Amino acid sequence: MLEEREWPDEGELVVCTVTNVKDFVAFVTLDEYNNREGLIPIAEVARGWIKHIRDFVREGQKVVCKVLHVDRKKGHIDLSLKDVNDHQRKEKIHEWKNEQKAIKWISFISEATGVNEDELQNLFYQEYGALFPVFEDVLTDEKGTLKRLNLSKKVADSLIQVAGENVKLQKVTITGNLILTSTKPDGVNVIRRALRSAQPNVEDVDIELVYVGAPKYRVKVTAHDYKTAEKAIDKAAKAAIGVVERAGGTGEFVRKQRSGKN
């Protein structure tokens with residue numbers, strides 16, 4: 001295990017398992033840090049006055065805590081449960097579950113290639129700071145990811161196969177409105193050409209155009225990440241506006257706020 005993975009950083013959110021609950025403190029083990037022991041003082045369990053600590057924590061429970069202080073010499077890790085809100089807790093648990101999946105997938109690669117499992121974990125962690133993103137990135141940017149990791153062909157092929165069989169990529173959607181006008185006699189045809197130009201063939205990107213009401217047309221772009229989606233929607237808008245303006249008309253693109261992941 002890498003040195004930087006042996007201890008958490010102050011302010012970090014960590015997944016813990018409650019092991020022992022006393023009157024004024026709860027002891028936990030940190031699941032992501034080789035089950036190192038940490039403690040949650042009663043004042044950090046919940047906001048407000050606490051009559052019975054067991055009303056909030058119990059042995060065997062999984063909790064997400066914020067790291068308050070780490071003393072490596074003494075081996076002490078002080079934690080807070082009350083400083084983690086519901087959104088942070090859900091996000092951290094989701095991230096932790098993904099990391100557990102990635103650990104299992106790395107074992108598949110190790111078995112298939114004979115490469116040491118810890119060696120692969122350390123390599124992935126050094127490059128990404130986590131394990132799960134490697135499997136996402138190899139699907140969205142295979143060439144760049146493999147170059148970054150500098151893997152042997154055997155390991156690279158196994159990584160691609162395991163990722164393809166197990167990872168379901170989330171998608172993001174962004175939208176905007178194209179406002180296109182043309183006063184030319186063939187203005188209808190100009191707009192049609194403009195809309196056709198706004199649908200370039202971009203791999204792994206879906207572009208949908210919806211007529212809202214002249215002169216407004218909604219552009220909806222779906223991709224695996226915001227960077228790709230934003231690049232595609234900007235390209236589509238510029239292409240359509242360019243066609244209209246070259247024909248003597250006017251064009252404008254109005255972006256809408258990002259939507260969440262599907």
Side-chain angles (χ1 to χ4, degrees), residues 85-95 97-99 101-102 105 128 130 132-148 159-262:
N85 62 41
D86 286 343
H87 175 72
Q88 291 173 320
R89 179 181 58 79
K90 290 176 182 177
E91 286 291 308
K92 181 59 185 179
I93 289 294
H94 178 69
E95 174 190 310
K97 286 181 177 179
N98 281 342
E99 287 295 285
K101 293 176 186 176
W105 298 339
Y128 282 82
F132 187 79
V134 178
F135 293 88
E136 289 185 313
D137 278 13
V138 79
L139 292 183
T140 58
D141 181 17
E142 180 180 312
K143 185 177 179 180
T145 303
L146 296 181
K147 181 179 180 181
R148 180 176 178 178
L159 170 60
I160 294 168
Q161 180 181 349
V162 170
E165 292 174 351
N166 294 282
V167 177
K168 182 180 180 181
L169 290 174
Q170 292 181 314
K171 292 189 176 184
V172 297
T173 298
I174 58 177
T175 61
N177 288 325
L178 271 171
I179 302 172
L180 307 173
T181 58
S182 175
T183 57
K184 298 288 185 179
D186 64 341
V188 173
N189 290 328
V190 171
I191 300 300
R192 285 175 178 169
R193 290 200 304 271
L195 295 176
R196 283 199 298 269
S197 72
Q199 293 182 300
N201 185 19
V202 182
E203 188 176 356
D204 295 328
V205 174
D206 294 324
I207 299 178
E208 180 183 353
L209 294 170
V210 179
Y211 175 70
V212 178
K216 187 182 293 185
Y217 304 84
R218 185 166 65 248
V219 186
K220 178 180 176 183
V221 173
T222 303
H224 291 304
D225 58 83
Y226 281 119
K227 184 178 179 180
T228 301
E230 287 169 349
K231 185 177 179 180
I233 201 169
D234 287 342
K235 182 177 180 180
K238 287 177 181 178
I241 292 170
V243 170
V244 172
E245 289 182 342
R246 285 192 294 272
T250 61
E252 181 185 2
F253 180 60
V254 181
R255 283 288 303 274
K256 288 190 174 181
Q257 190 175 5
R258 289 175 173 179
S259 68
K261 288 187 176 182
N262 293 332

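Quick note: residue numbers are just sequence positions, from 1. Values below: every heavy atom of this structure, side chains too, minus hydrogens, waters and symmetry copies. Keep in mind it's a predicted model, so treat the numbers as computed, not measured.
- Considering only residues two or more places apart in sequence or on other chains, Glu245 meets the side-chain hydrogen bond (donor to acceptor under 3.5 Å, both in side chains) condition with none of them.
- A search for side-chain contact (heavy atoms from CB on, under 4.5 Å) contacts involving Gln88 returns Leu13, Val84, Asn85, not counting sequence neighbours.
- Between Leu195 atom CG and Leu209 atom CG the span is 6.0 Å, to the nearest 0.5 Å.
- When every heavy atom of Val244 is checked against every heavy atom of Ala194, the shortest pair comes out as CG2-CB, 3.6 Å.
- Between Glu252 and Thr250 there is no side-chain heavy-atom pair separated by less than 4.5 Å.
- Contact between Gly248 and Lys184 at its shortest, heavy atoms only, is CA-CE, 4.3 Å.
- Partners of Lys216 by side-chain contact (heavy atoms from CB on, under 4.5 Å), not counting sequence neighbours, listed by chain and number: Asn177, Val212.
- Annotation: side-chain contact (heavy atoms from CB on, under 4.5 Å) contacts of Ile160 (sequence neighbours excluded): Val138, Glu142, Leu146.
- Here the closest non-hydrogen pair linking Val167 and Glu136 is CG1-CG, 4.3 Å.
- The CZ atom of Arg148 lies 4.5 Å from the OH atom of Tyr128; values are rounded to the nearest 0.5 Å.
- In this structure, the side chains of Glu99 and Pro133 come closer than 4.5 Å at one or more pairs of heavy atoms.
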Worked verdict on Asp86 versus Arg89 for side-chain contact (heavy atoms from CB on, under 4.5 Å): CA-CA 5 Å; Asp86 286 343; Arg89 179 181 58 79; 4.1 Å; yes
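- Side chain of Asp141 to backbone of Gly144: a donor-acceptor contact under 3.5 angstrom is found.
- Annotation: the span from Thr175 atom OG1 to Ile233 atom CD1 amounts to 6.5 Å, rounded to 0.5 Å.
- Residues Phe135 and Leu159 meet the side-chain proximity criterion, which asks for heavy atoms closer than 4.5 Å.
- Side chains of Pro215 and Leu180 form no contact here, defined as non-hydrogen atoms less than 4.5 Å apart.
- A donor-acceptor pair is defined here as one N or O able to donate and one able to accept, closer than 3.5 Å; such a pair exists between the side chain of Thr145 and the backbone of Asp137.
- With sequence neighbours excluded, the residues forming a side-chain hydrogen bond (donor to acceptor under 3.5 Å, both in side chains) with Glu95 are Lys92, listed by chain and number.
- The aromatic rings of Tyr211 and Tyr217 are tilted relative to each other, their planes meeting at an angle between 30° and 60°.
- Nearest heavy atom pair, residue Ala223 against residue Val205, reads CB-CG2, 4.1 Å.
- For His94, the side-chain hydrogen bond (donor to acceptor under 3.5 Å, both in side chains) partners are Asn98, not counting sequence neighbours.
- Rounded to the nearest 0.5 angstrom, Asn166 CG and Gln161 CD are separated by 9.5 Å.
- Closest non-hydrogen pair, Val221 versus Ala232, comes out as CG1-CB, 4.0 Å.
- A distance of 9.5 Å separates CG of Leu178 from CD1 of Ile191, quoted to the nearest 0.5 Å.
- Here Glu208 pairs with Val210, Lys220 under the side-chain contact (heavy atoms from CB on, under 4.5 Å) rule; sequence neighbours left out.
- Checked against salt bridge (Lys or Arg N to Asp or Glu O under 4.0 Å), Arg193 has no partners two or more places apart in sequence or in another chain.
- Scanning all heavy atoms of the two residues, the minimum distance from Val172 to Ala229 falls at CG2-CB, 4.3 Å.
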